[in-house]
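Below is one structure, written out as structure tokens; comments come after it.
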Protein chains: 2
Amino acid sequence: MTPKQKRVLDFILSFIEEHGFQPSQLEIAQGCGFESLGTVQHYLRSLERHGLLARQSNAKRGLQLTNPPCPPFAETLRGAGSPFAKGGTLSAGTIAKGETVTPQPLVASITFLELPLVGIVAAGKPVHAFELADAIEVPSAMAGPGNVVYEVRGDSMVEMGIMDGDYVAVHPQSVAENGQTVIAEVNGSITIKKYQRKGNTIQLLPANAAMSPITVTEEDEFHIRGILVGSMRFYRKWTGKSST
Amino acid sequence: MTPKQKRVLDFILSFIEEHGFQPSQLEIAQGCGFESLGTVQHYLRSLERHGLLARQSNAKRGLQLTNPPCPPFAETLRGAGSPFAKGGTLSAGTIAKGETVTPQPLVASITFLELPLVGIVAAGKPVHAFELADAIEVPSAMAGPGNVVYEVRGDSMVEMGIMDGDYVAVHPQSVAENGQTVIAEVNGSITIKKYQRKGNTIQLLPANAAMSPITVTEEDEFHIRGILVGSMRFYRKWTGKSST
DNA sequence: TGACTTACGAAAAACTTACGAGTATCCTCG
DNA sequence: CGAGGATACTCGTAAGTTTTTCGTAAGTCA
């Protein structure tokens, strides 16, 4: 990477940090001292080639840094301020070699969070999001205003590590950013994939790199239903395949 | 997000902080300098599409800020000021094609449970169960006396639908019944499989019938560490395999 | 009825793209 | 050492798109 390219990249980064949104090409030009938009265009393209950022074509301020400094989750989860940060000595007991695990007392009694369990994500069929008039507990990290929980039916999402009977917590929204895991409808089939947009094409990547991604074209009917916040599975005897 | 969108969002936020209740659309127009309600309408809609806020249709001052589901989730969630903390009416947002999932009142105030996060289940290697002196929230169905949570490292358990970074709740015990999902050590390797015993032979079945089971013989060193109660996964941008 | 929220339609403003072309720098080959 | 070539870097302008904005009429709720 050339120093100028780095300069542009750094500018974009700091701009985002400062303003909370992406700069326009004109703002980049001014910020980096370019007289022409063409110059910005040039750098944007080269940065894109290097995989440092992605652009959504024709989208205003449609720049996406590829490795945004997204704080590690565990940190925010247990970070300061969190009631779980108290880090008391929870002698967890080693499960090493032959030893037995010492039982641990449970902690806390804080507010619990439940989300409405709204529907069933059918595998390969259109969703029938009906109200189950039920609720399910979730860790607070999965909760949030508007979030709902789906019960997954079918094995169409195994490649994302989501299996029949799992519950997925989703935050409803119809747009997504690159890299987010979305629950989307493609041609009437509902699916969970990782969302990635390059220019005009939208790719839906499975979790496992070995599996082939789906490329969504203009002809496809494509709707994002929401983005995945978490998933849960409860084990019991003979989980899975309870026939059908 | 465009600067204007952010401006509107910020205004709503500060308005709520200042007045304690949501602004009307007219107030938003005045506060942001719009001449027309249509403009406000436009922004509200786009913010809603991005999942940044939820609207109760036709309700006066029916705006609900939604916290971005990505990083600062847990924190903002429990913080004062979060609509969630007081258990207001939260709209679930549109989910299905034409259907709209009606706003669900969320419940709250049940006992909150967290389990000690004890260690890391290494992939294909003997467990190094060390104390993390940390805890993680789980739904009550996963809690129980003695239960602990492991953070999974490695991809050796994908066939069970458990991936790198997942958390598994286990109830430590050294025996299992047929059909239970166990976390076991076989010849020094830790693994999660479904336990099945037929007469003298013990089989460990993967979740997917297509994969081949392991048959444990007498020569093998075999220990059951515990049985799986549940698993959880938290999604965020660029989940999985980014660098490392 | 009064206070708000929704629903179009349409025009101006803001941005992104595409193309063409002109320096400057660095490297290689004869 | 000098000529070619390849890159990096820079301008400017004319489309082509999307965002932003306005206004007005209609629908809701208490």
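The analysis underlying the following values was restricted to heavy atoms, covering all of them including side chains, and did not include hydrogens, waters or symmetry mates. Chain A is the first sequence line, chain B the second, and so forth, proteins listed ahead of strands; every chain is numbered from 1.
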To the nearest Å, give me how far apart [atom1] ([X]) and [atom2] ([N]) are.
X: A:His50; N: D:dA8; atom1: NE2; atom2: P; result: 7 Å
X: A:Leu9; N: D:dC9; atom1: CG; atom2: P; result: 13 Å
X: B:Leu44; N: D:dT21; atom1: CG; atom2: P; result: 14 Å
X: B:Leu26; N: D:dG23; atom1: CG; atom2: P; result: 14 Å
X: B:Gln56; N: C:dT5; atom1: CD; atom2: C1'; result: 12 Å
X: B:Leu53; N: C:dT5; atom1: CG; atom2: P; result: 13 Å
X: A:Leu47; N: D:dA8; atom1: CG; atom2: C1'; result: 13 Å
X: A:Ile28; N: D:dC9; atom1: CD1; atom2: P; result: 15 Å

Among [options], the nucleotide that comes nearest once only the side chain of [X] is considered:
X: B:Arg45; options: D:dT21, C:dA7, C:dT5; value: C:dA7
X: A:Phe34; options: C:dC4, D:dC11, D:dA8; value: D:dC11
X: A:Asn58; options: D:dC22, D:dT17, D:dC11; value: D:dT17
X: B:Lys4; options: D:dT20, C:dC4, C:dT17; value: D:dT20
X: B:Ser36; options: D:dT20, D:dC22, C:dC4; value: D:dC22
X: B:Gln5; options: D:dT21, C:dT6, D:dT20; value: D:dT20

Indicate whether OP1 or OP2 belonging to [N] is found under 4.0 Å from a side-chain N or O atom of [X].
X: A:Arg55; N: C:dT16; answer: no
X: B:Thr2; N: D:dT19; answer: no
X: A:Tyr43; N: D:dT10; answer: yes
X: A:Gln25; N: C:dT17; answer: yes

Please round to the nearest 0.5 Å and tell me the distance separating atom CZ of A:Arg61 and atom CD of A:Glu27. 4.0 Å

Restricting to non-hydrogen atoms, name the atom on [X] and the atom on [Y] that form the minimum distance, rounded to 0.1 Å.
X: A:Gln5; Y: A:Tyr43; value: CG-CD2, 3.8 Å
X: A:Val229; Y: A:Ala141; value: CG1-O, 3.5 Å
X: A:Pro206; Y: A:Glu159; value: CB-OE2, 3.3 Å
X: A:Met163; Y: A:Val158; value: CG-CG1, 4.4 Å

Would you state whether a donor and an acceptor, one from the side chain of A:Lys60 and one from the base of D:dT18, lie under 3.5 Å apart? yes

Does the pair A:Phe15 and A:Gln22 meet the rule for a side chain to side chain contact (heavy atoms under 4.5 Å, CB included), with working shown? CA-CA 7 Å; A:Phe15 188 100; A:Gln22 299 92 328; 6.0 Å; no

How is [X] classified with respect to the nucleic acid when contacts are heavy atoms under 4.0 Å: base, sugar-phosphate, or nothing?
X: A:Gln41; answer: base
X: A:Ser24; answer: sugar-phosphate
X: A:Ser46; answer: nothing

